[in-house]
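From a predicted model like this one, the values you see are computed outputs, not experimental measurements. FYI, side chains are in, hydrogens and waters are out, and symmetry mates aren't considered; it's all heavy atoms of this structure.
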Amino acid sequence: MNQYKVIINKQKNKLYVKKGNKVLEEIICSTGSGINQRVYHHLDNKIITYSGDTPNGTYKIKEIIYSKDLGWLGDPIGQKRPYGHYIFALDNNPYGIAIHGTDEPEKLGSPVTNGCVRVSNNDIKKLKEKYVKIGTLVEIMGGK
């Protein structure tokens with residue numbers, strides 16, 4: 001098992017990387033807006049209705065996806081990167097929540113997502129390179 005744990009505090013819009021009781025990283029993130037909406041879910045390739053909230057709970061990272069492999073609607077070769085460089089898919093079905101980068105860094109620190117957790121593209125790369133592996137524990141807490 002990975003020695004690192006990721007904690008997401010929705011009330012503060014902060015992501016922490018911990019090893020034991022020691023905080024190694026504190027990263028500004030964005031979490032769910034809580035606004036009901038229909039969204040295109042890229043990991044499942046379908047339209048879903050979603051509450052727009054980031055669900056509290058303890059999860060594991062089940063998959064690490066290089067986001068260019070996904071593409072974007074109208075951009076099948078993946079030149080646009082709304083998810084930054086990587087997507088860390090969580091084992092939280094049916095929610096489909098993930099941690100990923102963003103093409104809207106100006107919105108970090110606010111609850112604006114469809115439920116996923118966004119961090120800067122530099123931070124998603126750092127998390128992948130230094131801390132996150134398949135099976136890493138992720139705890140989401142706070143907020144509504």
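- Two residues are said to be in side-chain contact when any heavy atoms from C-beta on lie closer than 4.5 Å; Lys14 and Ile28 meet this criterion.
- Between Tyr4 and Leu24, some side-chain heavy-atom pair lies under the 4.5 Å cut-off.
- One finds the CD1 atom of Ile140 at 5.5 Å from the CG atom of Leu90 (value rounded to the nearest 0.5 Å).
- Looking only at side-chain heavy atoms (C-beta outward), Val132 and Ile61 come within less than 4.5 Å of each other.
- Atoms OG1 and CD1, from Thr113 and Ile97 in turn, are 7.0 Å apart once rounded to the nearest 0.5 Å.
- By the 4.5 Å heavy-atom criterion applied to side chains, Val138 and Lys60 are not counted as neighbours.
- At a threshold of 4.5 Å between side-chain heavy atoms, the hydrophobic network of Ile, Leu, Val, Met, Phe, Trp and Tyr places Tyr131 and Tyr16 in two separate groups.
- Residues Val23 and Val17 have side chains not in contact (no heavy-atom distance under 4.5 Å, counting atoms from C-beta outward).
- Residues Lys10 and Asp53 have side chains in contact (heavy-atom distance under 4.5 Å, counting atoms from C-beta outward).
- Ring planes of Tyr66 and Tyr86: tilted class, angle from 30 to 60°.
- Although no hydrogens or angles enter the test, the distance criterion places a donor-acceptor pair under 3.5 Å between the side chain of Ser30 and the main chain of Gly109.
- Of the inter-residue distances, the one linking Lys5 atom NZ with Lys18 atom NZ reads 7.0 Å to the nearest 0.5 angstrom.
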Q: With side chain to side chain contact (heavy atoms under 4.5 Å, CB included) as the test, would you mind laying out the steps for Leu127 and Ile27 before giving the verdict?
A: CA-CA 10 Å; Leu127 289 168; Ile27 296 170; 4.0 Å; yes

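- Proximity of a side-chain donor or acceptor of Asn121 to a complementary backbone N or O of Thr102 within less than 3.5 Å is detected.
- In this structure, the separation between SG on Cys116 and CZ on Phe88 is 12.5 Å, given to the nearest 0.5 Å.
- Here the NZ-OG1 distance, from Lys62 to Thr136, works out to 15.0 Å after rounding to the nearest 0.5 Å.
- Met141 is listed as a side-chain neighbour of Ile7, based on a closest heavy-atom distance under 4.5 Å.
- For the side chain to side chain contact (heavy atoms under 4.5 Å, CB included) test with Arg118, the passing option among Thr31, Val112, Ile99, Ile124 is Val112; the others fail.
- Here the NZ atom belonging to Lys12 is positioned 12.0 Å from the SG atom belonging to Cys29, to the nearest 0.5 angstrom.
- With sequence neighbours excluded, the residues forming a salt bridge (charged side-chain N to carboxylate O under 4.0 Å, His left out) with Lys126 are Glu25, Asp123, listed by chain and number.
- No more than 12 heavy atoms of other residues, nucleotides or ligands sit less than 6.0 Å from atom NZ of Lys19.
- Using a 4.5 Å heavy-atom threshold, the side chains of Ile64 and Ile134 count as touching.
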